[in-house]
There are 2 protein chains.
Amino acid sequence: MTESHGPGFSLCNNATLRRAGRSLGRFYDDMLAPSGLKGTQFGLLFQIDVSDEPTMGAIAEALIMDLSALGHTLKPLIRDGFVETFTDRDDRRVRRVRLTPEGKVKLEEAIKLWSMAQQRFEAVVGKERAAQLRAALDEIAALDFDTPTAAPSD
Amino acid sequence: MTESHGPGFSLCNNATLRRAGRSLGRFYDDMLAPSGLKGTQFGLLFQIDVSDEPTMGAIAEALIMDLSALGHTLKPLIRDGFVETFTDRDDRRVRRVRLTPEGKVKLEEAIKLWSMAQQRFEAVVGKERAAQLRAALDEIAALDFDTPTAAPSD
DNA sequence: TCCAATTAGTGGCATATGCCACCTTCGCCG
DNA sequence: CGGCGAAGGTGGCATATGCCACTAATTGGA
């Protein structure tokens, strides 16, 4: 098996994960399309909704996402009026985020579509397997290789 | 526990996958950094290398990636002289891709770094589990929900 | 109290991806 | 053999993400 890299075969954990991500992402994007939201945007709105006026940093941490990337991703949602930010009362450095009323409506709408996607996915993969897979992915996401590329002497 | 969405908890298969992808992507990117390549670029060079002067479409299909996205992603690699494209002899519509000598050298270099990343990853996750996970992800990537959003009466 | 180090975000730049519109080439058919 | 629809890419536009440099606000000392 020195080679024979069949269609979409790779030993690279990262490449395999990204590949699956593109594939699944398209599916969720397609299913959410009627709402006008992308899968990532849906996920972001959801995360904001289940949190209590979270700070940018808190969201970024929860989603394991770069803070600036979060800022960028948030922009279209703010522009479209689904989300708004405001300065924290006690610490003026901090900006908190919340859904606007329209954002809540949009999220409700999207959740219906998302549920269908979930159902279809789990109908094929199996509820059990899906849960196991999510658990495995959460575990991987939580791993902390501190990338001592050179020599982490201390 | 109707809620209590702990840090990074989500029932959404897509969100969980993306989240893990960001996390793992950073790890691989960090490990590959000395080569100047990103994880995606490495994966792309690798795919091209193991194929025989593949067509754009073939690569896109193998990576389950949009053809135009592939074209965009290829640009920096072409610009940096690691990859080159050429028109197919028999079908002038088709463009094939191959690594340049510098591209091959760069890939060799990157493979060393990648191997370390793989090793570290599998040292933590386990070789077995990693393989199982890749298999599961490949399976998901291969799924074909044809997105009958409305009603696939037939 | 005032400055240094830290913390939280923002903006710029670059890559990663997708969709859609458009252009070329091919292959097929009358 | 001329035109039409299909196949294969490219370019434009928009979002997704990351890193780095920089700004603003806090916090801890001296």
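Both backbone and side-chain heavy atoms feed into the values below; hydrogens, waters and symmetry mates do not. Numbered from 1 within each chain, the chains take letters A, B, ... in sequence-line order.
- OP1 and OP2 of dA16(C) both lie 4.0 Å or more from every side-chain N or O belonging to R22(A).
- Regarding contacts with the backbone of dC19(C), a side-chain N or O of R26(A) is found under 4.0 angstrom from either OP1 or OP2.
- In this structure, K75(A) atom NZ and dG9(C) atom P are separated by 14 Å, rounded to whole Å.
- For dT15(C), one of the phosphate oxygens OP1 or OP2 lies less than 4.0 angstrom from a side-chain nitrogen or oxygen of R79(B).
- Residue R19(A) contributes atom CZ, which lies 18 Å from atom P of dA16(C) at whole-angstrom precision.
- Residue-to-nucleotide proximity on DNA chain C shows that, of K38(A) and R96(A), the 5′-proximal contact is made by R96(A).
- Within the 4.5 Å cutoff, the side chain of V125(A) has no heavy atoms near those of the N13(B) side chain.
- Residues L17(A) and L143(B) share a hydrophobic cluster, clusters being chains of Ile/Leu/Val/Met/Phe/Trp/Tyr side chains in contact below 4.5 Å.
- T100(A) OG1 to K106(A) NZ: the interatomic distance, rounded to the nearest 0.5 Å, is 11.0 Å.
- As rounded to whole Å, 12 Å separates atom C1' of dT25(C) from atom CG of D88(B).
- Between the CD1 atom of I64(A) and the P atom of dT17(D) there is a distance of 12 Å, rounded to whole Å.
- Between dT10(C) and R93(A), no contact under 4.0 Å exists linking OP1 or OP2 to a side-chain N or O.
- Across the protein-nucleic acid pair, L17(B) atom CG and dT17(D) atom P stand 11 Å apart, rounded to whole Å.
- Each of T55(B) and L70(A) has a nearest nucleotide on DNA chain D; the 5'-most of these lies closest to T55(B).
- For the pair R95(A) and F86(A), the cation does not sit on the ring face, since its NZ or CZ is not both under 6.0 Å from the ring centre and inside 45° of the axis.
- Comparing H72(A) and T85(B) by the nucleotide of DNA chain D that holds the closest heavy atom to each, the one mapping nearer the 5' end is T85(B).
- Considering only the side chain of P76(A), dT15(D) comes nearest among dT15(D), dA8(C), dG18(C).
- The closest side-chain heavy-atom distance from L45(A) to L37(A) is below 4.5 Å.
- Residue D66(A) has its side chain nearest to dG18(D) when only dG18(D), dG18(C), dG9(D) are considered.
- Counting any heavy atom pair closer than 4.0 Å across all strands shown, S68(A) reaches a base atom.
- Taking atom CE on M65(A) and atom C1' on dG18(D), their separation rounds to 10 Å, with Å as the unit.
- G57(A) comes within 4.0 angstrom of sugar-phosphate atoms only, judged by non-hydrogen atoms across all strands, and of no base.
- L67(B) and L63(B) fall within a single hydrophobic cluster, where Ile, Leu, Val, Met, Phe, Trp and Tyr side chains are chained together by heavy-atom contacts under 4.5 Å.
- Separating the CG atom of D30(A) from the C1' atom of dT17(C) is a distance of 14 Å, rounded to the nearest angstrom.
- The side chain of R95(A) sits closest to dG9(C) out of dG9(D), dA16(C), dG9(C).
- Look at CE on M56(B): it is 14 Å from P on dT17(C), rounded to the nearest Å.
- Note on D91(A): only backbone sugar-phosphate atoms sit closer than 4.0 angstrom, heavy atoms only; bases stay farther off.
- Of the listed nucleotides (dT26(D), dG9(C), dA16(D)), dT26(D) has the atom at the smallest distance from the side chain of R92(A).
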